[in-house]
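See below for the structure under consideration.
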Amino acid sequence: MSTVAATATQPKRTLGLPRKALLPLALVAVVLGLSILRVATGVNDIDSSNAISAALVAAVPLALAGLGGLWSERAGVVNIGLEGMMIMGSWSAAFAAYHYGPWAGVLGGILGGMLFGLLHAIATVFFGVDHIVSGVAINLLGAGLTKFLAERFFSELPGGGPTQSPSLPDVASVTLPGSSALVDIEKNHWFLVSDVAGILAGLTKDVSLLTLLAIALVIGTIFVLWKTSFGLRLRSCGEAPQAAETLGVNVYLYKTIAVVVSGGLAGLGGGFLAMVASDGFQQGQTGGRGYIGLAAMIFGNWMPIGTALGALLFGYTQALQLRGGDQVHALLLLVGAGVLVGAVWMAVKKRVLHAVILAVAGVLVLMWYFGSNTIDPNLTATAPYVVTLLVMAFASQHLRMPAADGAIYRKGEAG
């Protein structure tokens with residue numbers, strides 16, 4: 001066997017470890033870091049079951065939007081319109097849920113997002129409109145159309161109004177066995193043990209069936225896009241559409257399917273906001289989550305598991321921001337220490353400029369933490385967006401988007 005062939009058969013390694021071992025180790029490091037942070041700051045709510053439950057609720061719509069972006073961009077179509085698709089999904093879910101029940105609302109959210117996905121596909125795939133321009137138009141259309149529809153259909157309903165729907169029936173929730181015992185362990189505030197118990201309790205108590213559906217969709221995306229011939233053809237449209245055409249792939253069809261599915265997933269995320277995260281549709285309730293979902297997808301390097309983890313990260317910061325300034329203030333200590341560790345690692349790798357920048361940033365964050373007792377509520381509201389920008393900045397050098405993502409494709413160009 002040649003040297004090249006022998007190398008190719010070896011598993012990829014990072015930092016001297018198999019790549020598959022990095023995720024479990026990273027999760028252990030995060031839990032250990034949160035446990036140390038809780039003990040050091042005395043802020044027990046930093047990883048309590050309530051905080052984790054709130055983070056999960058905040059993460060699901062982000063994950064669904066990110067998953068929608070992944071489907072679209074894996075087929076080569078940039079989907080900036082996720083925000084508008086979520087907006088339309090939230091209104092259509094509210095309309096259907098109020099009149100026909102919660103599961104009709106789920107279907108309504110999916111169909112509302114798919115409608116906007118189809119519009120985006122027609123504009124970009126068939127007419128060659130710039131993907132960014134089309135996405136911005138979809139977002140504007142979503143905001144304007146749902147405002148009109150809310151005024152038209154919700155204003156006269158009991159509890160409704162021109163900017164909101166009446167209260168909606170909720171999708172059922174489940175609590176897994178053993179969750180109450182985990183909560184009891186959490187209340188003891190034992191180092192690491194209570195933290196693990198609190199996290200597990202937050203992930204297993206009062207979990208919406210839509211949350212379980214979102215998890216199933218992540219797993220289903222992995223299977224469909226990476227384990228089937230359909231997924232291979234779809235991904236080939238995002239990597240080399242002309243080459244795919246020469247092999248008989250109907251590139252227009254696969255791109256259209258991908259963008260319509262993308263819209264359905266984003267619409268379901270909007271429906272989750274209207275039916276689970278709150279008790280009804282409200283104008284502007286998406287709050288830029290479509291863009292954060294897109295950032296979660298990029299953070300995840302256009303992969304489903306990475307996208308879900310990115311959504312959890314951003315959802316966690318959103319949950320802490322909503323629970324008060326003490327939690328976000330405590331998080332400054334963890335962020336500052338983490339950035340300093342990153343500076344040391346950059347120094348070891350002899351990236352002097354990166355090390356200096358990280359060291360200065362870490363010191364400034366720690367000075368902020370030790371020089372204050374809390375954070376202004378106006379600043380805590382920006383925490384999810386600041387985290388989004390920081391993660392994108394540090395992760396950008398390791399990302400690889402599909403080769404033909406955003407490129408305008410014309411049938412017959414391969415010849």
Side-chain angles (χ1 to χ4, degrees), residues 24 26-63 170 173-212 214-215 272-273 276-279 289 292 296 308-338 365 369 372-377 379-384 386-388 391:
L27 292 177
V28 170
V30 168
V31 174
L32 182 61
L34 289 175
S35 183
I36 295 173
L37 181 67
R38 178 183 62 81
V39 173
T41 61
V43 180
N44 291 322
D45 198 35
I46 196 76
D47 59 357
S48 68
S49 57
N50 291 332
I52 299 302
S53 292
L56 188 60
V57 170
V60 169
L62 302 180
D170 194 3
S173 299
V174 295
T175 296
L176 299 182
S179 180
S180 58
L182 291 171
V183 172
D184 292 337
I185 295 174
E186 175 197 357
K187 292 177 181 178
N188 292 307
H189 302 308
W190 296 326
F191 176 73
L192 194 58
V193 175
S194 292
D195 299 279
V196 173
I199 291 172
L200 292 177
L203 297 175
T204 55
K205 70 174 184 178
D206 295 327
V207 180
S208 170
L209 292 180
L210 280 190
T211 299
L212 299 180
I215 295 171
F272 186 95
L273 287 173
V276 179
S278 60
D279 65 348
R289 286 175 174 83
I292 299 180
L309 291 176
L312 281 172
L313 171 63
F314 302 142
Y316 178 70
T317 57
Q318 281 190 337
L320 290 189
Q321 169 252 314
L322 292 173
R323 296 180 69 81
D326 290 343
Q327 290 81 4
V328 178
H329 181 259
L331 205 60
L332 289 176
L333 180 59
L334 182 63
V335 171
V365 171
Y369 171 77
S372 61
N373 294 319
T374 187
I375 296 181
D376 187 275
L379 288 178
T380 61
T382 67
V386 172
V387 169
T388 301
V391 169

Can you check whether [X] reaches [Y] side chain to side chain, under 4.5 Å on heavy atoms?
X	Y	answer
I215	V60	no
D47	V31	no
F191	L32	yes
F272	V57	yes

(message) Using the rule given for side-chain contact (heavy atoms from CB on, under 4.5 Å), can you reason through L333 versus V365, listing the C-alpha separation, both sets of side-chain angles and the distance that settles it, and then say yes or no?
(response) CA-CA 7 Å; L333 180 59; V365 171; over 6 Å; no

[X]: partners by side-chain contact (heavy atoms from CB on, under 4.5 Å), with sequence neighbours left out:
X	answer
S173	S208
A337	none
E186	S48, S49, V183
L334	L34, L37, L331

Side-chain ([X]) to main-chain ([Y]) donor-acceptor, under 3.5 angstrom:
X	Y	result
T204	L176	no
H329	S372	yes
S194	H189	yes

(message) Could you report the tightest heavy-atom contact between A51 and A319, atom names first, then the distance?
(response) O-CB, 4.1 Å

(request) Can you sort out the partners of D195 under salt bridge (Lys or Arg N to Asp or Glu O under 4.0 Å), two or more places apart, ordered by chain and number? (result) R38

(message) Going by the rule salt bridge (Lys or Arg N to Asp or Glu O under 4.0 Å), which residues pair with D170 if we only count those two or more places apart in sequence or in a different chain?
(response) none

Measure the spacing between [atom1] of [X] and [atom2] of [Y] and express it to the nearest 0.5 Å.
X	Y	atom1	atom2	value
L62	F314	CG	CZ	8.5 Å
Q327	T41	CD	OG1	9.5 Å
D206	L56	CG	CG	11.0 Å

(message) Can you confirm whether the side chains of K187 and N44 place a donor and an acceptor under 3.5 Å from each other?
(response) no

(message) If we check side chain to side chain contact (heavy atoms under 4.5 Å, CB included) with I52, which of these qualifies: L312, L200, I199?
(response) I199

(request) Answer yes or no: are there more than 12 heavy-atom neighbours, outside N188 itself, under 6.0 Å from its atom CG? (result) yes

